[in-house]
Amino acid sequence: MIRKLLLLLVAGLVALMLALALAGWSLRSALDQPLKLESERLIEVVPGDTPGGLLNRLEGEGVLDGAFWLRLYWRFNLPGQALHSGEYRLTPQQSARDLLELWRRGEVVQYSLTLVEGWSFRQVRAALVRQEKLEQRLADLDDKALMDRLGLAGVSPEGRFFPDTYRYVRGMSDLDLLKQASVRLDQVLDEEWARRADGLPYRKPYDALIMASMVEKETGVAEERGQIAGVFVRRLRSGMRLQTDPTVIFGLGERYNGNLTRAHLQQPTPYNTYVIDGMPPTPIALAGREAIHAALNPVAGKSLYFVARGDGSHVFSETLEQHNRAVREYQLKRRADYRSSPAPR
């Protein structure tokens with residue numbers, strides 16, 4: 001009787017060892033199997049998805065086998081591991097183990113959108129709409145309603161976002177991205193305001209942002225930004241009008257066809273700095289950190305005028321007589337390839 005029990009016990013142990021060995025082999029086979037893909041594909045994980053559900057789905061699609069073993073591996077080896085939403089890139093070279101590692105690291109596919117210095121808010125909105133992977137929540141809203149949604153009621157959207165490259169993943173919205181750009185602008189503006197020069201004609205950081213937007217539109221030559229800002233600041237201090245063409249163009253809106261005329265310079269708008277005193281009521285474009293820094297740290301000097309050479313740079317003058325000579329040389333005798341600003345970056 002005892003011998004029979006011992007034999008049964010040994011047989012049970014052998015069966016258990018065989019079962020464990022088979023389970024181990026099945027698990028390793030499931031983990032090491034290559035994904036059955038002929039080309040790269042994306043799999044989207046949305047809130048509420050679970051590793052088990054996704055593995056079952058991929059098995060049903062014929063991408064992998066042994067979903068049971070893979071679910072078991074995740075449950076015991078990665079307990080409580082969060083599954084990040086977004087898109088994951090699958091390739092024919094990956095194994096099921098690689099897939100689980102992607103999920104563990106949350107290595108979702110990232111996209112990017114660059115907001116460019118000098119852009120108007122209309123250009124920002126157009127760029128957002130072109131992002132197919134962004135959830136579009138703002139496309140049907142006018143500018144006022146959009147700013148309300150951002151928590152910026154009563155604030156003009158012009159120049160209110162920082163030009164930079166922003167990363168996003170599928171599932172994020174245009175609202176999320178604009179919030180990032182708005183917060184980033186506040187950070188940069190606060191940092192630059194804290195190290196501003198003394199005696200500037202600004203009451204608050206927003207005034208400096210308006211100035212920076214004009215500097216941004218006047219020149220893309222890095223070493224000239226401080227000089228442009230210096231001219232504008234000296235004009236403000238002396239009571240002279242700023243007389244900067246980009247503000248006139250902004251005020252014309254869709255009426256501007258690419259040709260700025262003398263009549264345009266005389267046409268009253270809140271942004272025509274040829275007819276209004278001081279600065280326009282809002283920024284006219286996105287301003288980068290360099291332009292903001294220049295507005296808050298203008299280059300000292302005596303120049304009150306500048307005129308475009310035609311190659312993107314400017315000639316600076318202290319007197320009207322000097323300025324008129326520069327105008328005759330560079331404006332009235334324009335070169336064939338004349339540009340008032342640098343070539344597009």
Side-chain angles (χ1 to χ4, degrees), residues 13-115 127-138 161-184 187:
L13 288 172
V14 170
L16 177 60
M17 292 175 65
L18 288 173
L20 290 174
L22 180 61
W25 178 84
S26 298
L27 178 58
R28 286 193 300 274
S29 296
L31 288 169
D32 294 336
Q33 65 178 305
L35 299 181
K36 299 179 180 66
L37 295 170
E38 294 183 359
S39 60
E40 179 182 296
R41 64 168 283 189
L42 298 177
I43 178 172
E44 183 178 5
V45 174
V46 300
D49 278 343
T50 63
L54 292 168
L55 290 167
N56 287 338
R57 190 174 92 195
L58 290 172
E59 185 174 48
E61 294 173 358
V63 175
L64 52 77
D65 297 317
F68 168 80
W69 298 106
L70 297 173
R71 294 198 309 271
L72 203 65
Y73 177 85
W74 185 278
R75 180 177 303 171
F76 287 102
N77 288 273
L78 300 166
Q81 173 70 46
L83 187 59
H84 295 280
S85 301
E87 290 176 314
Y88 293 83
R89 180 172 285 109
L90 310 185
T91 67
Q93 293 77 30
Q94 290 172 331
S95 66
R97 189 192 301 272
D98 296 330
L99 171 61
L100 296 184
E101 183 63 15
L102 279 181
W103 289 351
R104 184 191 69 79
R105 295 196 305 265
E107 200 169 293
V108 294
V109 177
Q110 291 192 337
Y111 301 93
S112 66
L113 170 63
T114 299
L115 305 183
L128 287 169
V129 170
R130 290 194 295 269
Q131 304 303 304
E132 297 179 356
K133 300 293 184 175
L134 268 183
E135 181 183 344
Q136 300 292 328
R137 296 184 183 177
L138 305 174
F161 306 94
F162 188 69
D164 203 349
T165 296
Y166 295 91
R167 304 285 180 183
Y168 66 92
V169 300
R170 189 180 182 100
M172 287 180 61
S173 69
D174 48 2
L175 180 64
D176 297 325
L177 196 144
L178 279 185
K179 283 182 177 178
Q180 288 185 36
S182 175
V183 169
R184 180 65 179 142
Q187 292 173 342

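Atoms considered below: every heavy atom in the structure, side chains included; atoms not considered: hydrogens, waters and symmetry mates. No experiment lies behind these values; they were computed from the predicted model shown.
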- Query: Would you say the side chain of Leu64 lies within less than 4.5 Å of the side chain of Leu99, judging by non-hydrogen atoms?
  - Reply: yes

- Query: Does the salt bridge (Lys or Arg N to Asp or Glu O under 4.0 Å) test come out yes or no for Arg97 and Glu101, once each step is laid out?
  - Reply: CA-CA 6 Å; Arg97 189 192 301 272; Glu101 183 63 15; over 6 Å; no

- Task: First locate atom NZ of Lys179, then atom OH of Tyr166, and finally report the distance between them rounded to the nearest 0.5 Å.
- Result: 15.0 Å

- Query: Do Leu55 and Trp103 touch side chain to side chain, with heavy atoms closer than 4.5 Å?
  - Reply: yes

- Message: How close do Ala30 and Ala96 get, counting heavy atoms only, and between which atoms?
- Response: O-CB, 3.2 Å

- For Gln93 and Asp98, work out which heavy atoms get closest and say how close. O-OD2, 4.3 Å

- Close side-chain approach of Glu87 and Val169, heavy atoms under 4.5 Å: no

- Between Gln94 and Leu37, is a side chain to side chain contact (heavy atoms under 4.5 Å, CB included) present by the stated rule, with each step listed? CA-CA 9 Å; Gln94 290 172 331; Leu37 295 170; 5.6 Å; no

- Arg57, CZ: over 12 other non-hydrogen atoms inside 6.0 angstrom: yes

- Note on the structure: Only residue of Glu135, Gln131, Gln180, Lys133 satisfying side chain to side chain donor-acceptor pair (under 3.5 Å) with Tyr168 is Gln131

- Query: Which pair of heavy atoms, one from Asp32 and one from Ser95, lies closest together, and at what distance?
  - Reply: O-CB, 4.0 Å

- Can you find a heavy atom in the side chain of Val46 that is under 4.5 Å from one in the side chain of Ser85? no

- Task: Report yes if some heavy atom in the side chain of Gln33 is under 4.5 Å from a heavy atom in the side chain of Leu70; otherwise report no.
- Result: yes

- Would you sort out whether Gln136 and Val129 count as a side chain to side chain contact (heavy atoms under 4.5 Å, CB included), showing the intermediate values? CA-CA 7 Å; Gln136 300 292 328; Val129 170; 4.2 Å; yes

- Message: Give me the atom names and distance for the closest heavy-atom approach of Gly106 to Tyr88.
- Response: CA-OH, 3.7 Å

- So, the side chain of Asp174 versus the backbone of Leu128: is there a donor-acceptor pair under 3.5 Å, distance only? no

- Item | Within-4.5 Å side-chain heavy-atom neighbours: Glu44 and Leu42 | no

- Message: I'd like to know whether Val63 forms a side chain to side chain contact (heavy atoms under 4.5 Å, CB included) with Ile43, so could you lay out the CA-CA distance, the side-chain angles of the two residues, the decisive distance to 0.1 Å, and finally the verdict.
- Response: CA-CA 11 Å; Val63 175; Ile43 178 172; over 6 Å; no

- About how many Å separate CG of Leu115 and CG of Asp164, when rounded to the nearest 0.5 Å? 8.0 Å

- Task: Please confirm whether the backbone N or O of Ser173 pairs with a side-chain atom of Asp176, one donor and one acceptor, at under 3.5 Å?
- Result: yes

- Between Glu107 and Arg89, is there a donor-acceptor pair closer than 3.5 Å when you use the side chain of the first and the backbone of the second? no

- Distance from Leu100 atom CG to Trp74 atom CH2, nearest 0.5 Å? 6.5 Å

- Message: To the closest 0.5 Å, what do you measure between CE (Met172) and CZ (Arg167)?
- Response: 12.0 Å

- Message: Nearest 0.5 angstrom please: Arg75 CZ to Tyr73 OH, how far?
- Response: 15.0 Å

- Query: Excluding sequence neighbours, so at least two apart, what forms salt bridge (charged side-chain N to carboxylate O under 4.0 Å, His left out) with Asp65?
  - Reply: Lys36

- Task: Report the distance from atom CG of Leu177 to atom OH of Tyr111, rounding to the nearest 0.5 Å.
- Result: 14.5 Å

- Message: With heavy-atom distances below 4.5 Å as the criterion, would you say the side chains of Leu58 and Leu35 are in contact?
- Response: no

- Task: Go through Leu54 and Leu83 one step at a time and tell me if the side chain to side chain contact (heavy atoms under 4.5 Å, CB included) criterion holds.
- Result: CA-CA 11 Å; Leu54 292 168; Leu83 187 59; 3.6 Å; yes

- Item | Test item: Glu59 side-chain N/O and Gly66 main-chain N/O as donor-acceptor pair under 3.5 Å | yes

